> 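Sending over a structure as structure tokens; questions will come in a sec.
Model, not experiment: these values are computed from the prediction. Note on naming: letters A, B, ... go to the chains in the order of the sequence lines (proteins, then strands), and numbering restarts at 1 for each one.
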Number of protein chains: 2
Amino acid sequence: MISRKTKYAINALIHLTKRKDEGPILISEIAEAESIPQKFLESILLDLKKAAILASKKGKGGGYYLLKDPKEVNLADVMRLFDGPIALLPCVSYLYYERCDECKDEETCGQRDVFLEVRNKTVEMLKKATLTEIIKREHKLSKEKK
Amino acid sequence: MISRKTKYAINALIHLTKRKDEGPILISEIAEAESIPQKFLESILLDLKKAAILASKKGKGGGYYLLKDPKEVNLADVMRLFDGPIALLPCVSYLYYERCDECKDEETCGQRDVFLEVRNKTVEMLKKATLTEIIKREHKLSKEKK
DNA sequence: ACTTAGTCTATCAACATAGTAGAGTATTGT
DNA sequence: ACAATACTCTACTATGTTGATAGACTAAGT
């Protein structure tokens with residue numbers, strides 16, 4: 001399961017994407033609209049800023065805004081930022097690789113083979129899920145519903 | 001990431017599958033061979049017994065053995081038993097479904113759509129990964145290595 | 001009966017998560 | 001210049017989960 005923090009981050013990013021032509025958006029606006037505790041949201045936005053996904057402006061008329069193109073921001077990156085590795089086993093993670101203690105021979109490990117497959121497929125799908133893509137899907141689902 | 005408990009469970013199950021024609025296997029044997037703290041392993045095996053995957057025999061010559069056919073035991077079931085839902089969002093879990101608080105309309109939620117896709121693909125792959133399949137892959141990888 | 005071996009209950013330290021509080025600092029508009 | 005605005009940083013707390021240990025208890029085989 002992804003953490004609440006990641007979920008908040010995604011919601012905040014989508015909020016910012018939808019309003020990206022309106023200049024900086026107040027933390028308080030995002031907090032209220034997305035029902036996220038404001039103080040908690042602040043730390044999330046700060047992390048996204050450190051990751052160079054968002055930027056902020058201080059003072060009156062300030063707030064947060066997207067730095068990266070929403071086509072370039074995908075769920076795999078956001079999830080890694082807050083929840084760490086996407087892989088289900090440390091030994092199949094590319095970015096957070098760690099050896100399994102119990103495993104005698106990694107190369108011939110049957111479990112590893114399965115989880116490697118799962119990881120690759122998952123990352124592939126999450127990489128495709130950019131902010132733009134998510135909003136696109138939203139529109140598509142709305143139309144189908146009618 | 002899957003918990004250590006699940007990893008232990010899988011290793012224990014594979015151990016039992018490989019020795020399934022030798023009658024009941026001692027907890028202590030599994031614990032030593034797979035380097036799992038014995039007391040911790042006991043509770044794991046007990047859970048697997050409650051799930052009707054394993055059975056046990058008490059007294060001298062006792063121990064644990066597979067109840068289900070190793071072709072029928074897959075990683076999805078084992079993971080659910082110890083770590084709960086496989087889905088990354090509660091609202092895309094079939095067995096542990098729960099509504100997202102923040103979500104205004106589930107049917108048109110773009111994020112949900114992505115995570116539903118990920119869940120379905122993951123479960124599909126994990127269901128195929130039976131104990132027999134994992135051992136088969138191990139053999140295949142060993143041959144390729146030579 | 002005695003031993004072996006599984007079962008049950010309680011407890012523990014370590015860590016992560018979700019959230020709160022408050023002081024501090026930078027920037028902008030007037 | 002300066003007050004208001006709004007982001008930044010540090011510390012703390014409650015709660016829950018994970019991984020592990022200890023000990024008493026119960027059932028079965030010889």
> Tell me: CD1 of B:Ile2 to P of D:dT18, nearest whole Å?
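From B:Ile2 CD1 to D:dT18 P: 12 Å.
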> Evaluate the side chain to side chain contact (heavy atoms under 4.5 Å, CB included) criterion for residues A:Lys7 and A:Met1: first the C-alpha distance (whole Å), next the side-chain angles of each, then the deciding distance (0.1 Å), finally the verdict.
CA-CA 10 Å; A:Lys7 237 193 291 182; A:Met1 286 277 170; over 6 Å; no
> For C:dA18, take OP1 and OP2 only and decide whether either is under 4.0 Å from a side-chain N or O of A:Tyr8.
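No.
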> Tell me the interatomic distance from B:Leu81, atom CG, to D:dT18, atom P, rounded to whole angstroms.
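Atom CG in B:Leu81 sits about 13 Å away from atom P in D:dT18.
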> Can a donor-acceptor pair be found between the side chains of A:Asn74 and A:Thr130 at a distance below 3.5 Å?
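No, no side-chain donor-acceptor pair sits under 3.5 Å.
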> With a 4.0 Å heavy-atom cut-off, tell me which residues in residues 26-43 of chain A come close to DNA chain D, sorted by residue number.
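Hits under 4.0 Å, by residue number: A:Leu26, A:Ile27, A:Lys39, A:Glu42.
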> Round to a whole Å and report the spacing from CG of B:Leu45 to C1' of C:dC8.
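Between C1' of C:dC8 and CG of B:Leu45: 15 Å.
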> Could you give the NZ-to-P distance, from B:Lys50 to C:dG6, as a whole number of Å?
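Atom-to-atom, B:Lys50 to C:dG6, this comes out as 15 Å.
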> From the options C:dT4, C:dT7, D:dA20, select the nucleotide whose nearest atom is closest to the side chain of B:Arg4.
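Looking only at side-chain atoms, B:Arg4 lies closest to D:dA20.
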> May I ask you to say whether B:Asp113 pairs ionically with A:Lys140, meaning some side-chain N is under 4.0 Å from a carboxylate O?
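Answer for the salt bridge query: no.
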> Does any donor atom in the side chain of A:Ser56 or A:Lys49 lie under 3.5 Å from an acceptor atom in the other side chain?
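There is such a pair (donor and acceptor under 3.5 Å, judged by atom type) between the side chains of A:Ser56 and A:Lys49.
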> Side-chain N or O of B:Lys49 versus OP1/OP2 of C:dT7: is the shortest distance under 4.0 Å?
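For C:dT7, OP1 or OP2 has a side-chain N or O of B:Lys49 closer than 4.0 Å.
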> Figure out the CD1/P separation between B:Ile44 and D:dT18, and round it to whole Å.
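That distance rounds to 12 Å.
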> Between A:Arg137 and B:Glu117, does any NZ, NE, NH1 or NH2 come within less than 4.0 Å of an OD or OE carboxylate oxygen?
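Answer for the salt bridge query: yes.
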> What is the distance, to the nearest angstrom, from the CE atom on B:Met1 to the C1' atom on C:dC15?
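Nearest whole value for this atom pair: 16 Å.
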> Looking at A:Lys143 and A:Glu138, is there a salt bridge between them, counting it only when a charged N and a carboxylate O are closer than 4.0 Å?
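No.
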> What is the distance, rounded to the nearest whole Å, between atom NZ of A:Lys57 and atom C1' of D:dT5?
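Distance check: A:Lys57 NZ to D:dT5 C1' gives 12 Å.
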> Please compare A:Leu46 and A:Lys60 by the position of their nearest nucleotide in DNA chain D and report the one closer to 5'.
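Mapping each residue to its closest nucleotide by heavy atoms, the 5'-most match is A:Lys60.
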> Rounded to whole Å, please give me the gap between NZ in B:Lys58 and P in D:dA27.
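It works out to 6 Å between those atoms.
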> Salt bridge between B:Glu133 and B:Lys128, side-chain N to carboxylate O under 4.0 Å?
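Between B:Lys128 and B:Glu133 there is no salt bridge, as every charged N stays at least 4.0 Å from the carboxylate O atoms.
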> When you check the phosphate oxygens OP1 and OP2 of D:dT8, does a side-chain N or O of A:Ser56 lie under 4.0 Å from one of them?
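Checking D:dT8 against A:Ser56, a side-chain N or O does come within under 4.0 Å of OP1 or OP2.
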> What's B:Phe82 touching, base or sugar-phosphate or nothing? Going by heavy atoms closer than 4.0 Å.
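Counting heavy atoms under 4.0 Å across all strands, no contact is made by B:Phe82.
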> Between D:dG19, D:dC7, C:dT28, which nucleotide has the shortest distance from any of its atoms to the side chain of A:Tyr64?
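Nearest to the side chain of A:Tyr64 among the choices is D:dC7.
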